[in-house]
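Starting from 1, each residue takes its place in the sequence as its number. Given the structure is predicted, the values throughout are model-derived calculations rather than measurements.
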Amino acid sequence: MKILVANRGEIAVRVIRACREMGFPTVAVYSEADRAALHAIMADEAVLIGPAPSSESYLRVDRLLEAASKTGATAVHPGYGFLAENADFAQACIDAGLTFIGPSPESIRAMGSKLESRRRMKEAGVPIVPGLEGAAASWEDVAAFGHTAGYPIMLKASAGGGGKGMRQVESEKDLPAAFERVRSEAKSFFGDDAIYAEKIVEQPRHIEVQVLGDQHGNLIHLGERECTLQRRHQKVVEECPSPVVDEALRERIGEAALKVARAVGYYSAGTVEFLMDADSQFYFLEMNTRLQVEHPVTEEVYGIDLVREQIRVAAGETLTMTQQEVHPRRHAIECRIYAEAPYRNFAPSPGRIEFLAVPQGPGVRNDNGVYEGYEVPLHYDPMLSKLVASARTREQAIDRMLRALREYRIEGIETSIPFYSALLSDSEFREGKFDTGFIDSFLARTEIGHLSEELSEASIISAAILAFEETQKATIPMESGIEWRKAALLEGIARARR
């Protein structure tokens, strides 16, 4: 089997590595902006599919199929993002005689519409967040729901995902403008302007469950992931298992996730997402019919290669484990390392990576899509890598991640590394006391980018001393250690606050 990877960046590299371990040759596709990208370099073959804009390259089904035909590829792995949850693309691959490494087009289609998936989950007996049962034709339709459910409410694109096409509405006076904006975003991002509304679950946690099935009817779940820490509806830190889910709750939410998957005849890797309130009541949010960005934390905790399993399932093989064999053995945390400037409101920071030193050592994994000398383009998602730390306990995993962040040095561009150093040093994070609004309150409270006015002179001195001591432990040229020193300083500040 020769596998074409219909994606870019770190996920394309991740898939290529799994294929190489299994002995399958790979084909990369790349845009003109990605001629020197790591995934294009690593694959056995690489095909140019168009100019930089994804609409003219990575989203062009015809060019992807042409690349598969030209190279003799017999299977396609979509990664995540781009066309990974596009039922028409999956069907086009099948119609072209290719094996699609993912679920059936029917399953993708059933879960691609938030309204259709809500209807199916209600029929399957899975708890759902109270909301409209159909698309809203006007803001007045939503207003009627708001009168009944009470504010705040959330407007959502029916075909949405990835944090796009969503807007919280605090009162009816804000509804007309919000409705038009979400409808415009839905049309722009997803080509479908259908939107609906849901009641806001107050101070929720975002808990998701990894499911895995084969084409022979075997279906298991691989526990839950804590994905509550988000900024602008985008996950930034994930961990497995959740610090607030015990064995009994894990069994209940896992069984609910399996009900979701069975309702659409699901196979391959997929994720069922739930919102959970302070009383541990959970509600179905959506199902992602693909590999998740945060899949490595599950792999580290449960000892299973999800990409390998996806490929095996697509080839018609059975799962390599049963539900009885699934037990969390470690704790893992993932930080998404972005080319962003936390000191400038997380503005994108494209440019050339002049120096790169990735962390190593026990329990550290870095799913990387870049290299020293690489020019980070402005055209795509700014994620550079996913840094994962795992250990026997959550406390040890946090400490290991902080150590890894101190070792991780990227020069030439700004990155989110200092932000994570401060966040993981925060006492409330370490105690697991957070909800989906935590990042906003953390940023307001800590004032990333400059020293908080709340810090006393003694605390500032203490933080500075700690940062200085940390930087003296490594022989780092001053001109190449700026980013690393910023991370040490912010961690020192966070410790001083405690």
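- Using a 4.5 Å heavy-atom cutoff, the side chains of T446 and L423 are not in contact.
- Residues P418 and Y343 are in side-chain contact: their nearest non-hydrogen atoms beyond the backbone lie under 4.5 Å apart.
- Judged by distance alone, with hydrogens and angles left aside, the side-chain atoms of Q168 form no donor-acceptor pair with the main-chain N or O of I153 at under 3.5 Å.
- Between the H221 side chain and the G223 main chain, a donor and an acceptor come within less than 3.5 Å of each other.
- A side-chain donor-acceptor contact under 3.5 Å links S107 and S104.
- Using modelled atom types, no side-chain atom of S349 and backbone atom of A341 make a donor-acceptor pair closer than 3.5 Å.
- Remark: E133 does not engage R119 in a salt bridge, criterion side-chain N to carboxylate O under 4.0 Å.
- Using modelled atom types, one side-chain atom of K386 and one backbone atom of V293 make a donor-acceptor pair closer than 3.5 Å.
- A heavy-atom distance below 4.5 Å is not found between the side chains of E170 and Y151.
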>> What verdict does the side-chain contact (heavy atoms from CB on, under 4.5 Å) test give for R336 and Y420, after you've listed the backbone C-alpha separation in whole Å, the side-chain angles of each residue and the deciding distance to 0.1 Å?
In response: CA-CA 9 Å; R336 302 185 184 193; Y420 292 121; 3.9 Å; yes
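- For the pair E66 and R60, the salt-bridge criterion is not met [side-chain N within less than 4.0 Å of a carboxylate O].
- Here the CD1 atom belonging to I337 is positioned 5.0 Å from the OG atom belonging to S416, to the nearest 0.5 angstrom.
- In summary, E255 and R250 do not engage in a salt bridge, as defined by a charged side-chain N under 4.0 Å from a carboxylate O.
- L222 and I304 get closest at one heavy-atom pair: CD1-CG2, 4.0 Å.
- Screening V211, L258, V326, D214 against I220 for a side chain to side chain contact (heavy atoms under 4.5 Å, CB included) leaves a single residue, V326.
- The two residues E239 and V297 come nearest to each other via the heavy atoms C-CG2, 4.4 Å.
- A salt bridge between E226 and R394 is absent, with no side-chain N of the basic residue lying under 4.0 Å from a carboxylate O of the acidic one.
- The distance from the NE2 atom of H206 to the SG atom of C227 is 5.5 Å, given to the nearest 0.5 Å.
- D95 places a side-chain heavy atom less than 4.5 Å from the side chain of Q91.
- The closest side-chain donor-acceptor pair between Y408 and S385 falls under 3.5 angstrom.
- At least one side-chain heavy atom of P296 sits under 4.5 Å from a side-chain heavy atom of E334.
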In a table with atom names and distances, give each donor-acceptor pair under 3.5 Å that connects a side chain of residues 193-201 to protein atoms at least two apart or in another chain.
unit_1 : atom_1 : unit_2 : atom_2 : d
Y196   : OH     : E198   : OE2    : 3.3
E198   : OE1    : K156   : NZ     : 3.1
E198   : OE2    : R118   : NH1    : 3.1
K199   : NZ     : G150   : O      : 3.2

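- Atom CD of Q323 has more than 12 neighbouring heavy atoms from other residues, nucleotides or ligands inside a 6.0 Å radius.
- A salt bridge between E180 and R183 is present, with a side-chain N of the basic residue lying under 4.0 Å from a carboxylate O of the acidic one.
- Ion pairing between E300 and R365 holds under the 4.0 Å rule for side-chain N and carboxylate O.
- Salt bridge D440/R445: absent, no basic N to carboxylate O contact under 4.0 Å.
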> R290 and E85: salt bridge (Lys or Arg N to Asp or Glu O under 4.0 Å), yes or no, with the steps?
Replying inline: CA-CA 7 Å; R290 54 169 168 80; E85 292 181 280; 2.8 Å; yes
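- The OG atom of S117 lies 8.0 Å from the CD atom of E286; values are rounded to the nearest 0.5 Å.
- Minimum heavy-atom separation, C240 to E224: SG-O, 3.3 Å.
- Cation-pi check for R205 over F434 is met; the charged atom lies under 6.0 angstrom from the ring centroid and within 45 degrees of its normal.
- E395 and H331 share no side-chain donor-acceptor pair at under 3.5 Å.
- With values rounded to the nearest 0.5 angstrom, L38 atom CG is found 7.0 Å from N368 atom CG.
- Put simply, the side chain of F82 does not reach to within 4.5 Å of the side chain of L64, judged on heavy atoms.
- With rounding to the nearest 0.5 angstrom, the OG1 atom of T271 is 4.0 Å from the CD atom of Q210.
- Under the 4.5 Å side-chain criterion, counting only non-hydrogen atoms from C-beta, F179 is not in contact with D174.
- Within the structure, ring pair (Phe, Tyr, Trp, His ring centres under 6.0 Å) pairs that include any residue of residues 278-299 comprise F274-F282 (at least two apart or interchain).
- At least one side-chain heavy atom of L384 sits under 4.5 Å from a side-chain heavy atom of T415.
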>> What verdict does the side-chain contact (heavy atoms from CB on, under 4.5 Å) test give for F89 and V76, after you've listed the backbone C-alpha separation in whole Å, the side-chain angles of each residue and the deciding distance to 0.1 Å?
In response: CA-CA 10 Å; F89 175 57; V76 173; 3.9 Å; yes
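- The pair R63-E56 does not meet the salt-bridge criterion, since no charged nitrogen lies less than 4.0 angstrom from a carboxylate oxygen.
- Among all heavy-atom pairs drawn from V376 and A339, the shortest one is CG1-CB, 4.1 Å.
- Around atom CD1 of I94, more than 12 heavy atoms belonging to other residues, nucleotides or ligands sit under 6.0 Å away.
- A donor-acceptor pair shorter than 3.5 Å cannot be found between the side chains of T436 and T228.
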> side-chain contact (heavy atoms from CB on, under 4.5 Å) between E273 and M287: does it pass, once the steps are laid out?
Replying inline: CA-CA 6 Å; E273 302 195 351; M287 183 175 188; over 6 Å; no
> Which is it for E123 and K259 under the salt bridge (Lys or Arg N to Asp or Glu O under 4.0 Å) test, yes or no, and what are the steps along the way?
Replying inline: CA-CA 11 Å; E123 291 178 354; K259 278 186 180 181; over 6 Å; no
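- A salt bridge between R225 and E238 is absent, with no side-chain N of the basic residue lying under 4.0 Å from a carboxylate O of the acidic one.
- Considering NE2 of H39 and OH of Y30, their distance stands at 9.5 Å, rounded to 0.5 Å.
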>> What verdict does the side-chain contact (heavy atoms from CB on, under 4.5 Å) test give for Y380 and S31, after you've listed the backbone C-alpha separation in whole Å, the side-chain angles of each residue and the deciding distance to 0.1 Å?
In response: CA-CA 11 Å; Y380 312 112; S31 70; 2.6 Å; yes
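- Side-chain atoms of Q215 come within 3.5 Å of backbone N or O of V313 as a donor-acceptor pair.
- Heavy-atom minimum distance, G432 versus P243: CA-CG, 4.5 Å.
- By the neighbour-count criterion of 12 heavy atoms within 6.0 Å, atom CZ of R344 is densely surrounded, having more than that number from other residues, nucleotides or ligands.
- In plain terms, the two heavy atoms of L83 and Y58 that are nearest each other are CD1-O, 3.7 Å.
- F442 is linked by a ring pair (Phe, Tyr, Trp, His ring centres under 6.0 Å) to nothing, counting only residues two or more places apart in sequence or in another chain.
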